[in-house]
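Structure first, then comments.
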There are 2 protein chains.
Amino acid sequence: MGASKIINYSEAELQIAKFAKALSHPARVAILQLLIQKQSCICGDIVDELPIAQSTVSQHLKELKQAGLIKGNIDGASICYCVDTEVLQTANQILNNVLAVSILTPTSCC
Amino acid sequence: MGASKIINYSEAELQIAKFAKALSHPARVAILQLLIQKQSCICGDIVDELPIAQSTVSQHLKELKQAGLIKGNIDGASICYCVDTEVLQTANQILNNVLAVSILTPTSCC
DNA sequence: CCTATTAATCGTAATATTGCGATTAATATG
DNA sequence: CATATTAATCGCAATATTACGATTAATAGG
């Protein structure tokens, strides 16, 4: 079955998987980077910057939004997207927590 | 098409996407955590710890291995898996680099 | 040599993702 | 009001992922 089994995963595990999934496609990483690099929010400029169709970009933005990584504000006819800094920091922290143990104990055995 | 378009993504973008994809499933996050928590490498114990079939666990391990996050050493009949600490640190650093700009500029606009 | 044990791989089915064109809804502008 | 512009959504096709049982290959132990 394609669906992931409904198993008792911890909140942290689910959170990490959710954030990771959002970043699991280079196009979404590129979009996120664009949103970060531009100081002010860019809107549909992403379509011009990347060689991807408008509908596809919109879909990727939707996924980034659902993962909570970005926010969108209506601004006239266009929509202004930008990064949710707090969420990004939180995501980074959760990941750091998971990796922390491994960083503390350099080489385990292999 | 399900395949991602072959587009000029940067090395960093592709790396992040690759690592993120490896962590984009809670089962793989759980497996990675198990490998980190146990000081010594555990082998097939993962199957006992998680409510997932052996073949499925093997598949997840393969993906973590292909992403370069874990290593596997043959140890008799069983195989000893463990985390590649250096790679994890590198992955974390690359991610931090991407998020750094966003953390420096707190709220952009929305 | 025979038999467990361990873990990879194969085959298959169900579902998810990706990508795009076309359409739609909403706001701006003349 | 008519018309552009912007971005979401729908529908579809191609492909990827997930999960599992069954099988296979390899080693350990008697």
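Taking only side-chain nitrogens and oxygens, A/His60 comes nearer than 4.0 Å to OP1 or OP2 of C/dG19. Checking the phosphate oxygens (OP1, OP2) of D/dT17, no side-chain nitrogen or oxygen of A/Lys21 falls inside 4.0 Å. For C/dT18, the OP1/OP2 oxygens have no side-chain nitrogen or oxygen of A/Thr56 closer than 4.0 Å.
Minimum heavy-atom separation, A/Tyr9 to B/Ala27: OH-CB, 3.2 Å. Nearest heavy-atom pair, A/Tyr81 versus A/Leu35, reported as atom, atom and distance to 0.1 Å: O-CD2, 3.7 Å. Looking at every heavy atom in both residues, B/Gln54 comes nearest to B/Val47 through CA-CG2, 4.0 Å.
We find that CD1 of B/Ile74 is positioned 7 Å from P of D/dT27, with the value rounded to whole Å. Between the P atom of D/dA16 and the NZ atom of B/Lys18 lies a distance of 17 Å, rounded to the nearest Å. Atom pair B/Asp75:CG and D/dT27:P shows a separation of 12 Å (rounding to whole Å applied). Between the CG atom of A/Asn73 and the P atom of C/dA26 there is a distance of 18 Å, rounded to whole Å. If you measure from atom NZ of A/Lys62 to atom C1' of C/dG19, you get 15 Å, rounded to the nearest angstrom. The CG atom of B/Leu50 sits 15 Å away from the P atom of D/dT18 (whole-angstrom rounding). Summarising the geometry, the separation between NE2 on A/His25 and C1' on C/dA16 is reported as 13 Å, rounded to the nearest angstrom.
A/Ser58 places no side-chain N or O within donor-acceptor distance of the main-chain N or O of A/Ser55, the cut-off being under 3.5 Å. With A/Thr90 contributing its side chain and A/Glu86 its backbone, the two residues share a donor-acceptor pair below 3.5 Å.
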Collect all protein-nucleotide pairs involving nucleotides 2-8 of chain C in which both atoms are nitrogen or oxygen and the distance is under 3.5 Å.
{"unit_1": "C/dA7", "atom_1": "OP1", "unit_2": "B/Gly44", "atom_2": "N", "d": "3.2"}
{"unit_1": "C/dA7", "atom_1": "OP1", "unit_2": "B/Ile79", "atom_2": "N", "d": "3.3"}
{"unit_1": "C/dA7", "atom_1": "OP2", "unit_2": "B/Gly44", "atom_2": "N", "d": "3.3"}
{"unit_1": "C/dA8", "atom_1": "OP1", "unit_2": "B/Tyr81", "atom_2": "OH", "d": "2.1"}
{"unit_1": "C/dA8", "atom_1": "OP2", "unit_2": "B/Ser58", "atom_2": "OG", "d": "2.6"}
{"unit_1": "C/dA8", "atom_1": "N7", "unit_2": "B/Gln54", "atom_2": "NE2", "d": "2.9"}
{"unit_1": "C/dA8", "atom_1": "N6", "unit_2": "B/Gln54", "atom_2": "OE1", "d": "3.1"}

message: The test is side-chain contact (heavy atoms from CB on, under 4.5 Å); show your working for B/Leu50 and B/Ile31 and say whether it passes.
response: CA-CA 8 Å; B/Leu50 299 177; B/Ile31 290 173; 3.6 Å; yes
